[in-house]
Amino acid sequence: MTSPHTLADRRYDFWADAAADAVEERIGSEERDPDAPIVIKGGISPSGVPHFGNMNEVMRGHFVAEVLRERGHEVRHVFTTDDRDPLRKLPRKLADLDGNVVGLGEVDASALGTNLGKAYTDVPDPFGCCNSYGDHFSQIIRQSADLLGVDIEIVSNTDLYEDGTFEPVVRHALDDRAAARDLLAEYQDKVDESYVPFNPICANCGKITETVTDVADDAVDYRCTDIEAGGQTIEGCGHEGTATLREGKLPWRFEWPAQWRTLGVDFEPFGKDHAEGSWPSGEHIARDLLGDDPPVPMVYEWFTLNGDAFSSSEGNVVMVSEVLDLLEPEVVRYFFAKNPKRARDFDIERLDQLVDEFDRFERLYVGEIDGEEQERKRAERIYPFLVADPDADRVRIPYTFAAVLGMTDDSGLRETMARRSGHIPADADAEQVEAALARVEQARNWAVRTDNAYNYRLAESLPDVEFDDATTNALADLADFVEAASPDEETLQGEIYEIAREHEVDVGDFFAAGYRLFLDESEGPRLGPFLAALDTTFVLDRLRLEG
RNA sequence: GGGCCGAUAGCUCAGCCAGGCAGAGCGACUGGCUCUUAACCAGUCGGUCGAGGGUUCAAAUCCCUCUCGGCCCGCCA
């Protein structure tokens, strides 16, 4: 037995190197054609909205593929959408191709409900934009991978059945069904004498059935009986018919090894749910039933979202497209480059922490800061897999400050504020500035979404304010000072204190007045640098309560 | 009940394979910048490495037992 847990050890600074070693060892074995490209696979059922956690299935394999390519191998990254699986229950939430999540009530749910038990590719697309339910969600999987900069070859499981690719394996399993049955019985109690490792599709109602009554060379007879699944019963129509070996599916425990064989899979990552169930039986089936060498396995731990399990039914999901509204792709990739053996929480409230961690990682890589040897080595090894064209001159504005810059939509003002705060160096060219400010969009979205302390908005017009005479006079004095002295940020910051004292206005209250005037908030960023960055005329009018 | 994986500072995580001073960042706190507020600088605090035992000159690291959490051991995938 091959343990799927032992690959991601710490022999390397990057776990993908350890996995790549195991793959290289495998392809060196004698039964494998050394010239054939290495095949890395992942796969999920297009059962509903593919969420951020599902991307483990894409990203973990991706890094291993990239490491192997770096070592000079030709690598195919194949991804099966297990779209011949039957629709078992209706998800509570769906999503259109533009990433908008909608409730089940917003589509024709009854049209879905009547299709329970059919393969995803035989269920109509509730949005009407793709050929089937399965195609719809496979398309979103493809888009999600694209957004993360990962190139995968998506293979439809249904196609593999219909075009005959699977047919020899299906025949093999049926011919050796006694052996298949004995083998699976070691893992599943319910496998009995009547078990046949093939589920035909009913020609009458289209459901995937479980009752095979006879097996011939190129076809099976079946009766469409009730199917129990997930505590509910999907009624069979009672039809008796004959199905070819292309008109049905292998049970998952057999289907997985069938994919390995037909696609020539060398490496496959999978979630921990498979580690103690599907993997041992799949490995056994591959070796002893099919006579194949199973791929190198790797288990990854699951992510949680804001502390709770990802759950489509509970609605605790976030899609890749949503995440990329909040984070740059390289930061997302960084998250997936961490040790897969560790369960991780994807905490939206604290994305700033993740971004800060990435920024530090980047600075370690470009040598801008010095860290401990270990973290420096990790950065040197892993960073190139996160960013296509590492740029030592890349300017990163801290994420939280970028969120603050989102208070205005004026890009010129954003640049001025960033420059004056020292986050953009004086000699930065236009291209660097644009790249540095790109993050503002995501950071602003984050601040708005979480409505946190960085969610400021520049008050476009004079807020409804009422100040006492001393404060009003002090503000007017401040305006005069700004007009006369064109002060830099620090001078202005100092003068705010000075003027508050002169007018015997409490310093805290005076600052609060400033924040009220410009942000309509009681607190805000450091006022001197903030006002210094704003358009002078605008500042003068506002301080004089004129607009 | 049996099996697998995980647990290191308030938070996010390195370190474990192959034993050698308990680490980083962030946060917090203190101080600095004429200055209670984003930023910046300096410093401080912060640990029963989940618990207990064993091996060892030496254990976060190796071994055993236990606790807690997740997953698997029905079906399905």
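Atom set for the values below is all heavy atoms of this structure, side chains included, hydrogens, waters and symmetry mates excluded. Here is the naming used below: chain letters follow the sequence lines, and residue numbers restart at 1 for every chain.
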Nucleotide [N], atom [atom2] - distance to [atom1] of [X] in whole Å:
X	N	atom1	atom2	answer
A/Lys341	B/C17	NZ	C1'	10 Å
A/Leu351	B/C11	CG	P	18 Å
A/Tyr12	B/C16	OH	C1'	17 Å
A/Phe401	B/C26	CZ	P	17 Å
A/Tyr399	B/C26	OH	P	18 Å
A/Leu354	B/A24	CG	P	21 Å
A/Lys377	B/C13	NZ	P	22 Å
A/Tyr195	B/C76	OH	C1'	11 Å

Checklist entry - For A/Lys207, what residues pass the side chain to side chain contact (heavy atoms under 4.5 Å, CB included) criterion, not counting sequence neighbours? => result A/Lys118, A/Cys205, A/Ile234
Pick the [atom1] atom in [N] and in [M], then give their distance to the nearest Å.
N	M	atom1	result
B/G27	B/U12	C1'	10 Å
B/G31	B/G19	P	47 Å
B/C26	B/U44	C1'	16 Å
B/U67	B/G25	P	38 Å
B/U56	B/A18	C1'	16 Å
B/U65	B/U30	C1'	46 Å
B/G23	B/A60	C1'	11 Å
B/G47	B/G32	P	27 Å

Give [X] one of three labels, base, sugar-phosphate or nothing, depending on what nucleic acid heavy atoms sit under 4.0 Å from its own.
X	result
A/Arg501	sugar-phosphate
A/Tyr515	base
A/Glu375	sugar-phosphate
A/Asp85	sugar-phosphate
A/Arg344	sugar-phosphate

Checklist entry - When the aromatic ring centroids of A/Trp252 and A/Trp279 are compared, is their separation below 6.0 Å? => result no
Checklist entry - Is the centre of the A/Phe336 ring less than 6.0 Å from the centre of the A/Phe346 ring? => result no
Next on the checklist: Taking the side chain as everything from C-beta on, heavy atoms only, tell me whether A/Tyr120 gets closer than 4.5 Å to A/Ser47.
Outcome noted: yes
Checklist entry - What distance do A/Ser281 atom OG and A/Trp256 atom CH2 have between them, rounded to the nearest 0.5 Å? => result 8.5 Å
Next on the checklist: Parallel, tilted or perpendicular: which one describes the rings of A/Phe303 and A/Phe335, with boundaries at 30° and 60°?
Outcome noted: tilted
Please list every donor-acceptor pair under 3.5 Å in which a side-chain atom of residues 398-413 of chain A meets a protein atom from a residue at least two apart or in another chain.
unit_1, atom_1, unit_2, atom_2, d
A/Tyr399, OH, A/Leu326, O, 2.7
A/Thr408, OG1, A/Asp410, N, 3.0
A/Asp409, OD1, A/Arg457, NH2, 3.1
A/Asp409, OD2, A/Arg457, NH2, 2.7
A/Asp410, OD1, A/Gly412, N, 2.8
A/Asp410, OD1, A/Leu413, N, 3.1

Item to check | Contact pattern, 5' to 3', of nucleotides 67-73 of chain B - B, S or - by protein heavy atom under 4.0 Å | outcome: ---BSSS
Next on the checklist: Is the positively charged end of A/Arg344 above the ring of A/Trp302, judged by distance under 6.0 angstrom from the centroid and angle within 45° of the axis?
Outcome noted: no
Look through every strand shown and name the nucleotide pairing with [N] as Watson-Crick or G-U wobble, where both distances are under 3.5 Å.
N	value
B/C75	none
B/C66	B/G50
B/U12	B/A24
B/A58	none

Next on the checklist: Taking the minimum atom-to-atom distance to the side chain of A/Lys249, which one of B/A77, B/U12, B/A38 wins?
Outcome noted: B/A77
Next on the checklist: With a 4.0 Å cutoff (strictly under), does any side-chain N or O of A/Arg342 reach OP1 or OP2 of B/A14?
Outcome noted: yes
Checklist entry - Taking only N and O in the side chain of A/Arg376, is any of them less than 4.0 Å away from OP1 or OP2 of B/A14? => result no
Next on the checklist: ring-ring contact (aromatic ring centres under 6.0 Å, His included) for A/Phe361 and A/Tyr334? Distances and angles first, verdict last.
Outcome noted: CA-CA 9 Å; A/Phe361 200 70; A/Tyr334 171 72; 5.0 Å; yes
Item to check | First of A/Tyr454 and A/Pro251 reached from the 5' end of RNA chain B, by closest nucleotide | outcome: A/Tyr454
Next on the checklist: By nearest heavy atom, map A/Tyr456 and A/Tyr334 onto RNA chain B; which one lands nearer the 5' end?
Outcome noted: A/Tyr334
Next on the checklist: Does A/Arg261, at its CZ atom, have more than 12 non-hydrogen atoms belonging to other residues, nucleotides or ligands within less than 6.0 Å?
Outcome noted: yes
Item to check | Pair of N/O donor and acceptor under 3.5 Å linking B/C11 base with A/Gln353 side chain | outcome: yes
